[in-house]
2 protein chains.
Amino acid sequence: MAEPRARKDAARNREAVLAAADALFSRRASPEDVTMAEVAAAAGVGKGTLFRAFGDRAGLLRALYEARLEPLRAAIESGPPPLGPATPPRERVPALLDAALCFKLDNRSLAMALEESGGTSPYRTEHYARWHAMLRDLLERIPGLGDGDFPAHALLAATRADLVEHLAGEGRAPRERLRERLARYVERFLDSGAPVER
Amino acid sequence: MAEPRARKDAARNREAVLAAADALFSRRASPEDVTMAEVAAAAGVGKGTLFRAFGDRAGLLRALYEARLEPLRAAIESGPPPLGPATPPRERVPALLDAALCFKLDNRSLAMALEESGGTSPYRTEHYARWHAMLRDLLERIPGLGDGDFPAHALLAATRADLVEHLAGEGRAPRERLRERLARYVERFLDSGAPVER
DNA sequence: GAGAATACGGACCGAGGGTCCGCTTTTCAA
DNA sequence: TTGAAAAGCGGACCCTCGGTCCGTATTCTC
């Protein structure tokens with residue numbers, strides 16, 4: 001369990017790789033054509049080092065993703081409203097989905113690489129489980145909506161990386177327009193079933 | 001433009017490949033581990049033939065998918081209600097989405113292979129464009145719902161192959177339960193915004 | 001400062017998608 | 001019917017890429 005603490009050259013190289021990969025994925029259009037050898041070269045490191053540090057391609061992607069996700073995660077777990085835990089579910093759900101969308105917009109190629117690129121299903125990751133569980137719980141706390149499990153999946157599916165890419169890529173729809181459209185969609189769903197107000 | 005008509009051995013081989021691939025993809029758990037060489041071998045054909053007939057892996061997948069989709073497509077374009085064109089939008093939308101879900105359930109590995117496996121975005125395919133356009137138009141014909149473009153994407157996203165696989169795979173949720181959950185979700189969306197009746 | 005532990009890196013491997021080209025089959029016009 | 005050009009065949013071959021291996025270099029510990 002306890003990590004025996006990394007040697008300092010190992011730590012340095014790990015950071016170098018992370019930085020290099022980060023840069024490469026931002027620069028390149030398609031995540032497919034960033035090769036592991038390239039990442040290693042860009043980081044000034046051998047392939048062996050890269051693979052020892054991250055296990056395999058998926059591991060590198062996951063580490064990168066997790067790193068970029070960190071601030072958002074913090075904001076959700078202990079930040080101020082509307083993302084933080086003090087927000088009532090009815091407002092927090094749209095806020096979370098908006099945040100997810102923005103994250104995908106800001107990290108398009110990386111998100112694509114992780115969610116789509118072969119082999120590993122995006123639904124089997126730990127962070128998807130977190131998002132889904134949180135959303136499900138919030139939904140079930142909103143009166144009038146019943147079971148939140150499927151809706152949570154369905155709403156998250158509306159923010160999937162390749163859909164976002166499809167809608168935002170090539171200068172199709174500007175960021176704000178997309179956010180608005182998603183917001184309207186979510187709102188419509190939340191308003192249904194519970195004609196509480198008005 | 002005009003296809004110069006295929007030679008008969010070419011036609012025969014094309015069918016053989018299609019059949020072999022169909023069988024292989026049904027048999028195998030993950031689409032990833034059906035190799036092109038394998039397909040060729042199973043069809044009793046050389047790799048060259050396979051690639052000449054379908055261009056590349058994605059082409060083969062597309063052709064297979066299109067073939068399996070054909071009956072459904074016919075039912076939608078000219079069949080009886082609730083899928084056919086005579087159905088009023090309010091009932092046709094749920095019917096279409098249910099049909100999409102069932103199709104994914106019945107063709108899990110193939111759908112996974114096509115939608116997910118690297119390179120080509122599932123959103124750039126011609127058949128996605130058809131589904132989306134149809135759904136969008138229907139939605140916009142339902143009073144009270146405004147722009148149907150994004151909702152059409154979002155609703156279709158709820159039937160994506162890997163999500164379906166995630167929910168149905170490993171004997172998690174039985175077919176009927178999934179259909180019901182999707183139906184409820186769609187219904188909730190359609191009921192909102194337009195408190196027409198009641 | 002010595003020895004053990006750990007990490008380095010790039011040569012190497014295997015798999016799989018895709019191509020090439022000499023040979024066979026089909027087609028079609030005479 | 002026939003013969004030659006067009007179309008197709010197939011599997012050896014190539015190349016890229018993820019991943020491994022191992023002799024060498026660096027770091028840690030005492």
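Note: hydrogens, waters and symmetry copies are ignored here, and every other heavy atom, side chains too, is used. This is a predicted model, so every value here is computed, not measured.
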Could you go over nucleotides 13-15 of chain C and give all protein N or O partners under 3.5 Å, atom names and distances?
none

Report yes or no: does [X] contribute a side-chain atom to a donor-acceptor pair with the main-chain N or O of [Y] at less than 3.5 Å?
X	Y	value
B/Ser109	B/Phe25	yes
A/Asn107	A/Leu110	no
B/Arg92	B/Leu83	yes

_Can you confirm whether or not the ring centre of B/Tyr65 sits under 6.0 Å from the ring centre of B/Phe103?_
yes

Indicate yes or no: at least one non-hydrogen side-chain atom of [X] is less than 4.5 angstrom from one of [Y].
X	Y	answer
B/Leu60	B/Arg57	no
A/Leu139	A/Asp149	no
B/Arg7	B/Asn13	no

Protein-nucleotide distance ([X], atom [atom1]; [N], atom [atom2]), rounded to Å:
X	N	atom1	atom2	result
A/Glu15	C/dC8	CD	C1'	17 Å
B/Glu32	C/dG17	CD	C1'	13 Å
A/Leu50	C/dG9	CG	P	11 Å
A/Met36	D/dG19	CE	C1'	9 Å
B/Asp33	C/dG17	CG	C1'	15 Å
B/Arg14	D/dG10	CZ	P	16 Å
A/Glu38	C/dG10	CD	P	16 Å

*Which word best sums up how the rings of A/Tyr128 and A/His153 line up, parallel for under 30°, tilted for 30 to 60°, or perpendicular for over 60°?*
parallel

_Nearest to side-chain heavy atoms of A/Asp56, which nucleotide of C/dG9, C/dG17, D/dG19_ = D/dG19

*Return no unless some side-chain N or O of B/Asn13 is found under 4.0 Å from OP1 or OP2 of D/dC9.*
yes

*asked:* Using a 4.0 Å heavy-atom cut-off to protein, can you give one letter per nucleotide of nucleotides 20-28 of chain D, 5' to 3': B if the base is in contact, S if only the sugar-phosphate is, - if neither?
replied: BB----BSS

*Decide, yes or no, whether a salt bridge links B/Arg62 with B/Glu66 under the criterion of side-chain N to carboxylate O below 4.0 Å.*
no

